[in-house]
There are 2 protein chains.
Amino acid sequence: MKPLHQKIRDDIENQIRSGALKPGDRIPFEHELMAQYSVSRMTVNKALTPLDEGGLIERRKRAGTFVRLPRLDSTVLDIPDIQHEITARGEVYRFELLSYALHKANSDEERELAGSGKVLALTGLHFASAKPLAFERRLINLEAVPQAESVDFTRQSPGHWLLGVVPWTHVENQISAQPAEGQTALHLRLDEGTACLVVDRRTWRGTERITTVRQVFDGGAYRLIASFDQR
Amino acid sequence: MKPLHQKIRDDIENQIRSGALKPGDRIPFEHELMAQYSVSRMTVNKALTPLDEGGLIERRKRAGTFVRLPRLDSTVLDIPDIQHEITARGEVYRFELLSYALHKANSDEERELAGSGKVLALTGLHFASAKPLAFERRLINLEAVPQAESVDFTRQSPGHWLLGVVPWTHVENQISAQPAEGQTALHLRLDEGTACLVVDRRTWRGTERITTVRQVFDGGAYRLIASFDQR
DNA sequence: TTATGAATTATGTATAGACATATTAGGCGA
DNA sequence: TCGCCTAATATGTCTATACATAATTCATAA
């Protein structure tokens, strides 16, 4: 049998991760949870404290307990937000949409993402101070993120938009070095064969896939930084 | 003023991170800590529970509380252990020492590591099934790891040895793509200009620097995998 | 009208006590 | 000697209570 405080914690965490509770929403007061689960305040507190320390919720005296906004800082390599990183170092950021297509999943890669559902396929370029920095090819699972269909990605990059809108629970990055080729080399204004940093990333919310993206960076102009503290 | 339970937790965590308490050592029983800090058992328990959940200690009824062994699995990109990864995928691993030097720190990079103390400078090659996979240049701070002086690195790679011997608390990785050049290209048997994956890593124990390493991988043969769960 | 201060409210920390559970040590009988 | 039962022991969970702290509301006084 699971301890009471852990059941309460899991319930709330699931509501947040599933999206039933959105950032900014208020979680019931401790005395409300006491009544709801028929437990003492110490037990409710023991359930909420780890969620607070884990950064999932925010607690304010007199005001109550609220769902936190997803953390967007991350020097750490969880999900690099290119737009954020470029503006953070004082350069001007711009995203240019190269292609846009909405269709049923019809390749292995697309079916891995969306089963037999619909997929949004985009390509685009990230600019830092008018210089092309990264070429990106992205697939978005429209089952998981239906709102994506009505967003204008000529104005904002899909990665930046997704980070703010969809909470993710799991990411996998594959990082490799590859020579610049064909269209990608042209877009990045690099000679064929120039060393590029390639990041292939897949994200999940729970067991549901959200997006698949390949980003190709000019190897000389960009480096990933991953910083870790031992748990 | 810091809460009591946090002071107790910090004290114990510091003793573990500094090496004063080693893996396997027993931490005082709850009733001993009660007396030592003049607090109730709930407070001691509140101090120890997060250390348990964080994997730093292990608690067994009747037996007591013990310092955990450091986790060495890590699909995650904390500290990739090349030897471990190669053998894990069924290939034969070999390390070849190319150069070995022991001297006082005399470059900026070496002084950043060891101040005015002594440094062990190594270069070597990692082989996967007789094929060179990575070239590595490593500096070890002998103030932090004096035992390194008496280890035979022709037989085992310094990275693998360090992981087992020295507990680290913090790592910073910089990952970039660069063309193969000069000696490095020769050692890896690559043409000049081939895309390589370069990892620059610095590790700390507390505020003390342990090692600095640059690893250059054949971009086509190696990829880093970084997998994350949202906290 | 504005500044001040007191009451209210929700969380933060800590206590003492109680019972539960897992594990081990020791004693007892076959 | 071996197996089994029971004691003892350390951690696990939970309650009821108390006082502290931060933030807000609201009444009161200048």
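Within every chain, numbering begins at 1; the chains are lettered A, B, ... in the order of the sequence lines, protein sequences first and strands thereafter. Please read all numbers here as calculations on a predicted model, not as lab measurements.
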Does B:R60 make a cation-pi contact with B:F66 (under 6.0 Å, within 45 degrees of the axis)?
yes

Those residues that, when tested against A:F127, pass ring-ring contact (aromatic ring centres under 6.0 Å, His included) (two or more places apart)
none

Going by the rule side chain to side chain contact (heavy atoms under 4.5 Å, CB included), which residues pair with A:D200 if we only count those two or more places apart in sequence or in a different chain?
A:Q174, A:V198, A:R214, B:R223

Mind checking what makes salt bridge (Lys or Arg N to Asp or Glu O under 4.0 Å) contact with A:D108, not counting sequence neighbours?
A:R111

Do the charged groups of B:R202 and B:E112 touch, with an N to O distance under 4.0 Å?
yes

Side-chain polar contacts of residues 46-53 of chain B - donor-acceptor pairs under 3.5 angstrom, sequence neighbours left out - could you list them?
unit_1: B:T49; atom_1: OG1; unit_2: B:N45; atom_2: O; d: 2.8
unit_1: B:T49; atom_1: OG1; unit_2: B:N45; atom_2: OD1; d: 3.0

For A:D25, give me all partners under salt bridge (Lys or Arg N to Asp or Glu O under 4.0 Å), at least two apart in sequence or on another chain.
none

At the 4.0 Å heavy-atom cut-off to chain B, mark where contacts on DNA chain C begin and end, going 5' to 3'.
C:dT13 to C:dA25

Residues of residues 33-40 of chain B with any non-hydrogen atom less than 4.0 angstrom from an atom of DNA chain D: list those, numerically ordered, please.
none

Would you please name every residue forming a salt bridge (Lys or Arg N to Asp or Glu O under 4.0 Å) with A:R62, sequence neighbours left out?
none

Do the rings of B:W161 and B:F153 sit parallel, tilted or perpendicular, given the 30° and 60° boundaries?
perpendicular

Could A:E109 and A:R137 be called an ion pair, given the rule that one side-chain N must be under 4.0 Å from one carboxylate O?
yes

Partner residues of B:F29 under the ring-ring contact (aromatic ring centres under 6.0 Å, His included) criterion, sequence neighbours left out:
B:H31

Provide a list of protein-nucleic acid N or O atom pairs under 3.5 angstrom, restricted to nucleotides 6-12 of chain D.
unit_1: D:dA8; atom_1: N3; unit_2: B:R62; atom_2: NH1; d: 3.0
unit_1: D:dT11; atom_1: OP1; unit_2: B:T65; atom_2: OG1; d: 3.2
unit_1: D:dT11; atom_1: OP2; unit_2: B:E30; atom_2: N; d: 3.1
unit_1: D:dG12; atom_1: OP2; unit_2: B:R59; atom_2: NH1; d: 2.6
unit_1: D:dG12; atom_1: N7; unit_2: B:R41; atom_2: NH2; d: 3.3
unit_1: D:dG12; atom_1: O6; unit_2: B:R41; atom_2: NH2; d: 2.7

Which pairs with one or both residues in residues 40-64 of chain B pass ring-ring contact (aromatic ring centres under 6.0 Å, His included), sequence neighbours excluded?
none

Conformer about C1'-N of D:dA7 - syn within 90° of 0, anti elsewhere:
syn

Note down the inter-axis angle between the two ends of the helix from C:dT1-D:dA30 to C:dT23-D:dA8, five pairs each, to the nearest 10°.
0°

